[in-house]
Amino acid sequence: MSLNEDAAAALAKIARLQDLLGMDHFRAISNDRAARAVEGLSQDLSALAESRESLLAIDGIGPKIADKLIEFYRTGRMQELDDLQAQVPAGVLQMLDVPGLGPKTAAVLWKQGGIESIPQLKAAIDSGALLDLPRMGEKSIQKLKESIAIAEEGQKRLPLGVAMAVAEDFVESMRRVKGVVDATYAGSLRRGKETIGDIDVLVCVKKPDDAPHVAEHFRSLPRVNQVLTAGATKSSVRAAIRADNGRVGNGSTELRSKGGEIEEVSGPSVQVDLRVLPIEHWGAALMYFTGSKEHNIRLRERALKQGRTLNDYGLFPEDGEDTPPQTRGIKPIASRTEEEIYSAMGLPYIPPELREDRSELELTKTPRLIEIDDIKAELHAHTTASDGSMEIEELATEAKRRGFHTIAVTDHSKSSAIAGGLPVDRLLEHINAVRRVNDRIKGITVLAGSEVDILADGSLDYPDDVLAQLDVVVASPHTALSQEPSVATERLLRAIRHPHVHILGHPTGRLINRRAGLSPDMAKLIAAAVEHDVALEINAHWMRLDLRDVHVRAAVDAGCKLAIDCDVHAPGDFDNLRFGIMTARRGWLTPDLCINTWSATKLHDWLQSKRSGGTSNAPPSKKVPTKQPAKRSTTEAATKSRTKRS
DNA sequence: GCCGTTTTCGGCCCGACTGTTTTCAGTCG
């Protein structure tokens with residue numbers, strides 16, 4: 001974990017402990033809010049902590065928390081956290097991981113029941129001792145028992161790609177139900193976060209009377225293995241992650257092994273929340289359930305200042321009454337579409353990926369964020385020469401079918417033995433093979449490249465005279481991924497400064513939920529990439545998403561070029577582009593800075609410009625068909641069009 | 001513990017669902 005993540009985790013822990021100890025809840029909220037602010041910082045805390053003023057300038061960080069962060073930066077600890085932890089047994093804190101068991105209940109279990117861990121809680125359930133505690137009846141205890149089982153599975157948040165497949169399966173099923181006008185997913189999935197805690201599904205019905213049977217249908221879908229709550233308009237279930245056929249989801253995201261690194265993702269179930277609502281509240285509900293929570297709170301605060309109140313039914317005039325306006329027949333000012341509500345609040349439409357309370361409410365117009373159809377080139381792909389599954393021609397044909405004007409063949413370099421990395425002689429033959437395919441195939445340019453290992457000391461895996469013969473050099477770290485941050489920074493800087501490098505591939509080498517990867521000083525890498533005209537990669541595979549969103553934002557702010565690549569090993573990998581795009585959008589990326597959006601001429605000229613002395617024998621750009629052969633769609637575009645239809 | 005075109009002190013988003021309660025507390029999103 002990076003310093004930012006560690007510091008955020010410490011603040012969040014303070015908040016949890018404060019709630020457990022029954023301290024002022026608003027103090028806990030402040031610590032929690034600050035934790036998320038730190039998590040969302042695009043700059044490294046080590047730079048900010050040098051000056052107290054720069055910390056104080058961050059929204060949600062005041063003098064007390066600034067001092068805690070400085071203390072953490074200098075000593076790696078927070079005294080306050082140590083003090084709080086000394087008062088609470090570690091097992092009590094862990095009990096908060098049990099769904100439905102909050103700080104109040106945990107405190108009662110601990111202080112009145114003497115229960116200090118999940119195992120002790122289980123024993124108390126079995127012995128019947130729990131019944132003696134306040135607000136503990138038969139049903140609560142049964143629920144607790146089931147929730148403990150979930151907590152003990154140690155469920156991590158699901159990677160975006162896995163959650164997406166499950167969500168799309170639910171959405172498709174619900175769309176086929178009688179009385180349903182539309183269905184979509186919301187929550188962090190719609191915002192494109194790299195991991196998803198639970199899945200939110202919104203279903204729109206023509207008549208409110210349809211809601212109960214629609215909800216009932218949802219709860220009886222084949223994936224559902226436990227019903228958590230069952231209301232008329234709201235239900236929660238736990239659903240199997242793996243579909244019956246042993247593959248994940250509808251097959252659009254197939255799990256597979258890749259160079260021995262990415263294997264199947266385990267995790268038996270995920271919580272899916274359903275909300276059923278009539279069409280007139282669709283926009284308000286979609287906004288509300290898309291979140292983020294922090295974005296929603298900011299919106300509501302803004303509404304109150306405007307003399308209005310915002311809830312999941314719409315934007316209403318504030319009349320000081322206690323009961324919700326929609327229950328009193330008050331007509332909303334806006335409610336049917338998200339656009340309408342933002343507009344009524346004097347805001348431009350905010351794309352879901354930006355709704356993180358990271359200054360998006362200061363926007364005066366909707367930024368033209370990058371979209372999936374902007375992408376015209378794939379610059380990181382493997383063939384059977386190393387660990388890919390396609391021949392060069394197959395790869396090129398698939399890329400052409402998907403509407404790209406350029407595909408770069410970038411097989412592994414010699415040190416990546418496990419991935420079939422090419423020794424120099426085989427690389428030279430491979431370059432010729434690529435050139436021959438390029439001569440044969442019409443309508444797409446096939447570039448000869450390599451994904452060159454950045455060795456532990458920052459040197460590259462091929463000599464310069466070999467690299468000079470390649471049209472594209474993607475330099476990536478694959479080994480020594482536990483290096484100290486300072487060592488990793490120097491290593492990657494050396495690669496960026498190398499005159500033959502075009503793209504820094506998956507810069508940290510992390511695998512989500514599996515491997516932390518390198519924690520280089522990203523600000524330094526970005527500055528160097530700008531200086532040496534190197535593009536940083538957003539690796540679109542949902543197990544990587546590397547660069548991550550906050551670093552994309554920092555790169556965008558610095559005017560750094562970015563590449564969004566699928567790291568293609570098999571035909572289906574092109575489908576991961578949507579996840580790279582979502583990550584890019586979360587980093588506020590516009591098309592101009594992304595080299596994959598450029599015209600063939602502009603892209604090929606830029607690649608050539610990095611070849612001093614014109615030693616490259618790269619092929620000239622080809623004419624590409626103006627018609628796009630295969631239409632690709634983004635979830636965001638799909639969601640939007642659904643929203644418009646409803 | 002943070003924050004301020006009502007405030008430097010007194011606020012701090014809003015509703016659904018559940019279970020154990022005779023009117024509400026706790027949890028979640």
Side-chain angles (χ1 to χ4, degrees), chain A residues 11 14-15 18-19 22-37 55-69 80 95-109 131 133-144 146-147 186-189 191 196-202 211 215 227-236 271-277 281 284-285 287-316 318 321-327 357:
Chain A
L11 288 173
I14 287 175
Q18 287 174 327
D19 270 338
M23 298 166 74
D24 180 12
H25 181 54
F26 291 111
R27 278 171 71 183
I29 288 179
S30 293
N31 277 305
D32 208 45
R33 205 177 243 193
R36 267 188 291 274
L55 285 174
L56 289 172
I58 298 164
D59 213 24
I61 294 180
K64 293 262 174 58
I65 290 177
D67 288 342
K68 280 189 258 186
L69 289 171
E80 186 185 355
M95 292 201 295
L96 293 181
D97 292 336
V98 176
L101 204 172
K104 295 272 168 57
T105 311
V108 168
L109 292 172
L131 271 171
L133 293 175
R135 302 190 61 82
M136 277 293 162
E138 295 281 356
K139 281 191 170 175
S140 297
I141 291 174
Q142 182 55 33
K143 255 198 159 156
L144 207 49
E146 290 165 4
S147 301
S188 49
L189 189 58
R191 300 201 311 278
I196 305 308
D198 50 31
I199 295 169
D200 297 291
V201 174
L202 258 58
V227 175
L228 301 172
T229 65
T233 65
K234 214 177 147 179
S235 286
S236 289
Q271 181 166 330
V272 185
D273 297 329
L274 170 79
R275 185 68 185 244
V276 187
L277 49 126
H281 303 306
M287 230 163 122
Y288 183 70
F289 286 97
T290 296
S292 65
K293 192 176 154 196
E294 291 72 27
H295 177 83
N296 285 346
I297 289 175
R298 295 295 182 206
L299 282 178
R300 284 167 187 222
E301 287 170 351
R302 188 183 176 103
L304 284 177
K305 280 182 195 149
Q306 295 174 340
R308 293 148 161 189
T309 181
L310 176 67
N311 62 26
D312 36 334
Y313 292 88
L315 180 68
F316 296 89
E318 171 65 49
E321 295 288 327
D322 278 344
T323 51
Q326 71 275 7
T327 61
D357 191 22

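Residue numbers start from 1 in every chain, and the chains themselves are labelled A, B, ... in the order their sequence lines are given, proteins ahead of strands. Bear in mind the structure is a predicted one, so any value in this text is a computation, not a measurement. FYI, side chains are in, hydrogens and waters are out, and symmetry mates aren't considered; it's all heavy atoms of this structure.
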Within the pair [X] and [N], is there a side-chain N or O less than 4.0 Å away from OP1 or OP2?
X	N	result
A/K293	B/dC14	no
A/Y288	B/dA16	no
A/N311	B/dG15	yes
A/T323	B/dG15	no
A/S140	B/dT18	no
A/R300	B/dC13	no
A/T229	B/dA16	no
A/T105	B/dT27	yes

Minimum-distance nucleotide to [X] side chain [options: [options]]:
X	options	result
A/D59	B/dG19, B/dC3, B/dG29	B/dC3
A/K143	B/dC14, B/dG1, B/dG19	B/dG19
A/K68	B/dG1, B/dT18, B/dG29	B/dG1
A/Y313	B/dG15, B/dG19, B/dC3	B/dG15
A/R135	B/dG1, B/dG19, B/dA16	B/dG19
A/K64	B/dT27, B/dG29, B/dC2	B/dC2
A/K139	B/dC17, B/dT20, B/dT27	B/dT20
A/L304	B/dT20, B/dG29, B/dC13	B/dC13

From [atom1] of [X] over to [atom2] of [N], roughly how many Å is that when rounded to an integer?
X	N	atom1	atom2	result
A/N296	B/dC28	CG	P	18 Å
A/D24	B/dC2	CG	P	12 Å
A/R308	B/dC14	CZ	C1'	18 Å
A/R302	B/dT5	CZ	C1'	13 Å
A/M136	B/dG26	CE	P	11 Å
A/L56	B/dG1	CG	C1'	13 Å
A/D200	B/dC17	CG	C1'	15 Å
A/Q326	B/dC14	CD	P	12 Å

Say you pick atom [atom1] in [N] and the same atom in [M]; how far apart are they, in whole Å?
N	M	atom1	answer
B/dC12	B/dT18	C1'	27 Å
B/dT21	B/dA25	C1'	9 Å
B/dT20	B/dC13	P	30 Å
B/dC9	B/dC14	P	26 Å
B/dT6	B/dG11	C1'	12 Å
B/dG15	B/dT22	C1'	23 Å
B/dT23	B/dA16	P	22 Å

Under 3.5 Å on both distances, the Watson-Crick or G-U partner of B/dT8: none
How would you label the contact of [X] with the nucleic acid (heavy atoms, under 4.0 Å): base, sugar-phosphate, or nothing?
X	answer
A/A230	sugar-phosphate
A/R33	nothing
A/E294	nothing
A/K305	nothing
A/P99	sugar-phosphate
A/L299	nothing
A/S236	nothing

Residue mapping more 5' on DNA chain B - nearest nucleotide basis, A/A232 or A/G137: A/A232
Residue whose closest nucleotide on DNA chain B lies nearer the 5' end, A/E301 versus A/K234: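 Closest to the 5' end, via its nearest nucleotide, is A/E301.
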A/F26 aromatic ring stacked with six-membered ring of B/dC12, 5.5 Å and 30°: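 Stack criterion met.
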Minimum heavy-atom distance between [X] and [Y], given as atom pair plus value:
X	Y	value
A/A34	A/G60	CB-O, 3.7 Å
A/R275	A/Y313	NH2-OH, 3.4 Å
A/L56	A/A66	CD2-CB, 3.9 Å
A/R300	A/Y288	NH2-CE1, 2.6 Å
A/K68	A/I14	CD-CD1, 4.1 Å
A/L202	A/F289	CD1-CB, 3.7 Å

Check ion pair A/R33-A/D357 (N to O, under 4.0 angstrom): no
Salt bridge present between A/R298 and A/E301 (N-O < 4.0 angstrom): yes
Among A/K104, A/R27, A/H25, the one residue meeting side chain to side chain donor-acceptor pair (under 3.5 Å) with A/D19: A/H25
